[in-house]
Colleague: 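Structure in structure tokens, see below.
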Amino acid sequence: MNKQEVILCEGLADSLSQAVSRCPHDKLFVLTDEHTHRLCLPLLKGVEALKDAEEIVIGSEDVHKNLETLASVWLELSNKGATRHSLMINLGGGMVTDLGGFAASTFKRGIPYINIPTTLLAMVDAAVGGKTGINFNGLKNEVGVFSPAASVLIETEFLRTLDERNFFSGYAEMLKHGLISTPGHWAELLAFDRDAIDYARLKTMVGRSVQVKENIVREDPLERGIRKALNLGHTVGHAFESLALAENRPVLHGYAVAWGLVCELYLSCLLSGFPKDKMRQTIAFIKENYGAFSYDCKAYEHLYALMQHDKKNTEGIINFTLLEDVGQIAINQTADKKTIFEAFDFYRETMGA
Ligand code: GLY
């Protein structure tokens with residue numbers, strides 16, 4: 001996989017001009033969803049390099065992350081004269097960067113693209129690391145390719161206007177990066193005060209968080225080994241997310257990951273010797289900032305089945321990434337059904353759910 005350049009912007013317009021000039025092209029396309037078209041694209045109007053850019057606008061939210069939207073982007077690229085020397089800019093959250101990255105990577109066998117993530121989740125996770133794709137046949141991210149952006153431009157000024165729920169959804173991935181990196185980064189993340197956000201400090205933390213992901217992706221771009229560290233919290237988290245959807249009470253991805261972390265830190269204590277005090281501190285932060293997803297013991301079998309069918313697992317064996325300590329990662333761990341049910345019990349007792 002090619003190397004991807006990730007830039008923590010001091011000024012988005014300048015960084016974008018430079019990134020565009022590093023990608024020689026005949027035509028430039030800017031993909032937005034209906035919200036980022038209205039709210040974010042106007043901030044780039046003065047950028048000379050975008051003067052003649054063609055705009056492509058798609059519907060927002062995960063419900064539009066499908067084949068139909070993808071085909072509409074291919075169609076617009078084709079009708080508006082894109083060639084294999086064209087360049088695409090994806091301006092939006094993870095849905096836009098995932099789908100736009102996939103559209104660019106497949107159009108005429110692949111044109112380069114630049115990601116400008118506008119949500120925290122996209123900044124620290126979705127837009128970085130080269131995973132692109134769409135949902136298909138009722139399954140999330142079922143079809144896609146590994147194909148890194150030429151550049152990812154991170155402008156944390158967008159976070160000032162991000163709603164609180166989407167902010168915390170992204171923050172869960174930062175918390176995960178803290179847990180898999182260093183005690184210092186983990187501790188600074190737990191010290192975050194939602195009532196007095198220091199945006200300069202947040203920018204530094206976002207930079208550090210992205211660095212954690214970049215380092216891992218550089219080592220294992222295709223998720224054969226250590227990239228699985230990024231799945232911490234996601235084995236149970238995805239099951240919570242799917243259960244919530246099936247019960248018509250959808251939750252944001254990062255919230256499901258935060259709740260998944262509660263169960264997976266418990267498993268880490270039990271099976272890998274993760275220190276109990278660090279588990280308690282992390283769970284206290286999650287409880288305070290994410291509340292709890294409630295379910296009763298009748299849901300355990302359903303949750304377990306969802307975990308068995310997750311595409312990251314084979315032959316029904318549930319694969320976990322666990323921790324021996326903050327920054328000490330144990331990939332390819334498994335737990336039996338009884339232990340997993342014990343983790344569900346622990347979650348309900350601890351979170352009061
Ligand atoms: N979101 C996890 C990864 O990019 O591998």
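All ligand and atom numbering here is 1-based and tracks the order in the structure.
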Colleague: Identify the closest protein heavy atom to atom 4 (O) of ligand 1: which residue and atom is it, and at what distance?
Modeller: Lys213 NZ, 2.6 Å

Colleague: Can Tyr171 and Tyr290 be said to form a ring pair (Phe, Tyr, Trp, His ring centres under 6.0 Å), step by step?
Modeller: CA-CA 10 Å; Tyr171 201 84; Tyr290 294 84; 7.8 Å; no

Colleague: Which ligand 1 atoms does Asp125 reach within 4.0 Å, using its non-hydrogen atoms?
Modeller: 1 (N), 2 (C), 4 (O)

Colleague: Among Glu173, Glu264, His238, Glu241, whose side-chain contact (heavy atoms from CB on, under 4.5 Å) with Val257 holds?
Modeller: Glu173

Colleague: Run the ring pair (Phe, Tyr, Trp, His ring centres under 6.0 Å) check on Phe192 and Phe167 step by step: do they pass?
Modeller: CA-CA 12 Å; Phe192 180 77; Phe167 179 87; 5.6 Å; yes

Colleague: Step by step, work out the ring pair (Phe, Tyr, Trp, His ring centres under 6.0 Å) result for Tyr295 and Tyr347.
Modeller: CA-CA 10 Å; Tyr295 57 89; Tyr347 170 96; 5.4 Å; yes

Colleague: Apply the side chain to side chain donor-acceptor pair (under 3.5 Å) test between Asn135 and each candidate in Asn66, Asp62, Asp98; give the one that qualifies.
Modeller: Asp62

Colleague: Atoms of ligand 1 less than 4.0 Å from Leu230 heavy atoms?
Modeller: 2 (C), 3 (C), 5 (O)

Colleague: If I apply the N/O under 3.5 Å rule, does Asn231 come out as touching ligand 1?
Modeller: no

Colleague: Within the 4.0 Å heavy-atom shell around Glu223, which atoms of ligand 1 are there?
Modeller: 5 (O)

Colleague: Does His234 have a heavy atom less than 4.0 Å from any atom of ligand 1?
Modeller: no

